[in-house]
2 protein chains.
Amino acid sequence: METKERILHEALALFSERGYDGVSMRQIAAAVGIQAASLYSHYAGKEYLFRAILEFAQERFAETMHSLGLAADPDPQSVMELKEKDLQRISREIFLHLLKDPTAAALRRLLTAEQFRHSIAGQTYQQLYIESVLDSQTRIFKAFISAGTMRKGDPAITALHFYAPILLLLNKYDRQPEKEAKALAALEAHVNQFMRRYGRKGNKE
Amino acid sequence: METKERILHEALALFSERGYDGVSMRQIAAAVGIQAASLYSHYAGKEYLFRAILEFAQERFAETMHSLGLAADPDPQSVMELKEKDLQRISREIFLHLLKDPTAAALRRLLTAEQFRHSIAGQTYQQLYIESVLDSQTRIFKAFISAGTMRKGDPAITALHFYAPILLLLNKYDRQPEKEAKALAALEAHVNQFMRRYGRKGNKE
DNA sequence: GTCTATACGCGGATAGAC
DNA sequence: GTCTATCCGCGTATAGAC
């Protein structure tokens, strides 16, 4: 990996643990194994390094969503082909990814922590972890409702009901890595109860 | 207000905007109108001041919950007397309080931002904004389900379905104070759809 | 591109007078 | 309890040699 990339990853790891102001350029350089002055050959300053991390976050997030079949600009056809069981798979995959993938978890923590201090970080956090996911889910549920797979209801609120608990569980189990099994059980219980309440078959209850 | 209290409130306001490491003791002193050295007559150091804020957060939160009829250690009788319509009122009141009350909003933002850096802040965040609320709501829904007011289902998951969207909406509209009306409309739509899905009368759909 | 050396301000904190 | 004065380390960043 090139030095510039190594700097970005080491900085991300440190920032996500101690915050932007809690990490010095010297410490980042030490983690990379170079002198602090050398960082300035790659990034014009600490702020520029931080912005590069924000851009990296957006790229990574888009890639992840795409690989899970949740592109920001999806093929309408592919949305129609999604089934209810895909929701179980997708929610589980996205949950584990955001919880355990070191880079994804570091980015999420960093954006969460810095959202109020740097307006760009706030916008990025909002865009990635709230709006883009809700939009994506809203499209899916709209298709489900049209197709009769799900009960009628505002698709945006339905997406909120599906996604918000996932985000809260992520938050809750973030600091308790030893309870991963419990986290997954809670996630599954959430999705199951959601299906019973929102799915067509749920009316039998 | 005593100097010690003024220090705590000014520090809270500054920390919540710029973070713990983003605010110096000199800046806090300037906001209060004294010299930095004088702060040490009230708090032994920056860390001690921060911990005092965390303790204050717990007290304030408990008071707020109590005034909304959501004590941490509730009278079982009072829980039974809650009605469905109380949910609308409570959710609206707690939402507006956490969103707009300056002290409550500052505490929430500060704890959100610092949760990964100071383990005590992380515990406090988790305790206040996740566990205590979910526990409280779980008790209420358990009572509702027993009383037949609500459909059967895991009360803990039901609480998750009720509270998680509120927390997400709080997060979403935190940086958009001009959209308060929209935020309240979304909150009401959430609670309404929740009622239709979970309430007894919802079966008619 | 990386190094050493260095500039210079600001950080938390303390001493001691009033 | 508040002030002035001060300590000293660490922060970001630059200059210039290799």
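Naming convention: chains lettered A, B, ... in sequence-line order (proteins, then strands); numbering from 1 in each chain. Quick caveat, the model's predicted, so the values are computed rather than measured.
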Enquirer: Measure from the side chain of A/Ala37, starting at C-beta and using heavy atoms only, and say which of C/dT4, C/dG1, D/dC3 lies closest.
Expert: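 Selected nucleotide: C/dT4.
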Enquirer: Which nucleotide, C/dC3, D/dA13, D/dC3, lies nearest any side-chain atom of A/Lys46?
Expert: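 Closest of the options to the side chain of A/Lys46: D/dA13.
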Enquirer: Determine whether the side chains of B/Gln126 and A/Tyr173 contain a donor N or O and an acceptor N or O closer than 3.5 Å.
Expert: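 No - no donor-acceptor pair under 3.5 Å links their side chains.
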Enquirer: Rounding to a whole Å, what distance do you find between B/Leu49:CG and C/dA13:C1'?
Expert: 14 Å
Enquirer: Expressed as a whole number of angstroms, how long is the span from B/Ile28:CD1 to C/dC10:P?
Expert: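 After rounding, the gap between these two atoms is 17 Å.
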Enquirer: With respect to the side chain of B/Tyr40, which nucleotide from C/dC3, C/dA13, D/dT4 is positioned closest?
Expert: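 The closest nucleotide is C/dA13.
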Enquirer: If you only use heavy atoms from C-beta on, which nucleotide in D/dT4, D/dG1, C/dT14 is closest to the side chain of B/His42?
Expert: D/dG1
Enquirer: For B/Arg18 and C/dG11, what is the distance between atoms CZ and P respectively, to the nearest whole Å?
Expert: 10 Å
Enquirer: With respect to the phosphate group of C/dG11, does any side-chain polar atom (N or O) of B/Ser24 fall under 4.0 Å of OP1 or OP2?
Expert: yes
Enquirer: Aromatic rings B/His190 and B/Phe162: how do their planes relate, parallel, tilted or perpendicular, breaks at 30° and 60°?
Expert: tilted
Enquirer: Think B/Thr3 has a side-chain N or O under 4.0 angstrom from the OP1 or OP2 of D/dG1?
Expert: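 Looking at the OP1 and OP2 atoms of D/dG1, neither is under 4.0 Å from any side-chain N or O of B/Thr3.
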Enquirer: When the distance from CD of B/Gln27 to C1' of C/dG11 is rounded to whole Å, what number comes out?
Expert: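 Result: 10 Å.
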Enquirer: Do A/Phe50 and A/Tyr43 make the cut of ring centroids closer than 6.0 angstrom?
Expert: no
Enquirer: When the distance from CG of A/Leu39 to C1' of D/dT14 is rounded to whole Å, what number comes out?
Expert: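 About 14 Å, once rounded to whole Å.
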Enquirer: From C/dG11, C/dC3, D/dT12, pick the nucleotide closest to the side chain of B/Arg26?
Expert: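 Selected nucleotide (nearest to the side chain): C/dG11.
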Enquirer: Measure the distance from CZ on B/Arg6 to C1' on D/dG1 and round it to the nearest whole Å.
Expert: 13 Å
Enquirer: Looking across every strand, which nucleic acid part, if any, lies under 4.0 Å from B/Val32 by heavy atom: base, sugar-phosphate, or nothing?
Expert: nothing
Enquirer: Less than 6.0 Å separating the ring centroids of B/Tyr20 and B/Phe15?
Expert: yes
Enquirer: Report the relative orientation of the aromatic rings in A/Phe141 and A/Phe144; use parallel for angles under 30°, tilted for 30 to 60°, perpendicular for over 60°.
Expert: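 Ring orientation, 0 to 90° scale: perpendicular.
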Enquirer: Round to the nearest Å and state the distance from A/Ile34 atom CD1 to C/dT2 atom P.
Expert: 6 Å
Enquirer: Between C/dT6, C/dA13, C/dC3, spot the one nearest the side chain of B/Met25, thanks.
Expert: C/dA13
Enquirer: Among the nucleotides D/dT2, C/dC3, D/dT4, which one has an atom lying closest to any side-chain atom of A/Gln35?
Expert: C/dC3
Enquirer: For D/dT2, does OP1 or OP2 lie under 4.0 Å from any side-chain N or O of B/Ser41?
Expert: no
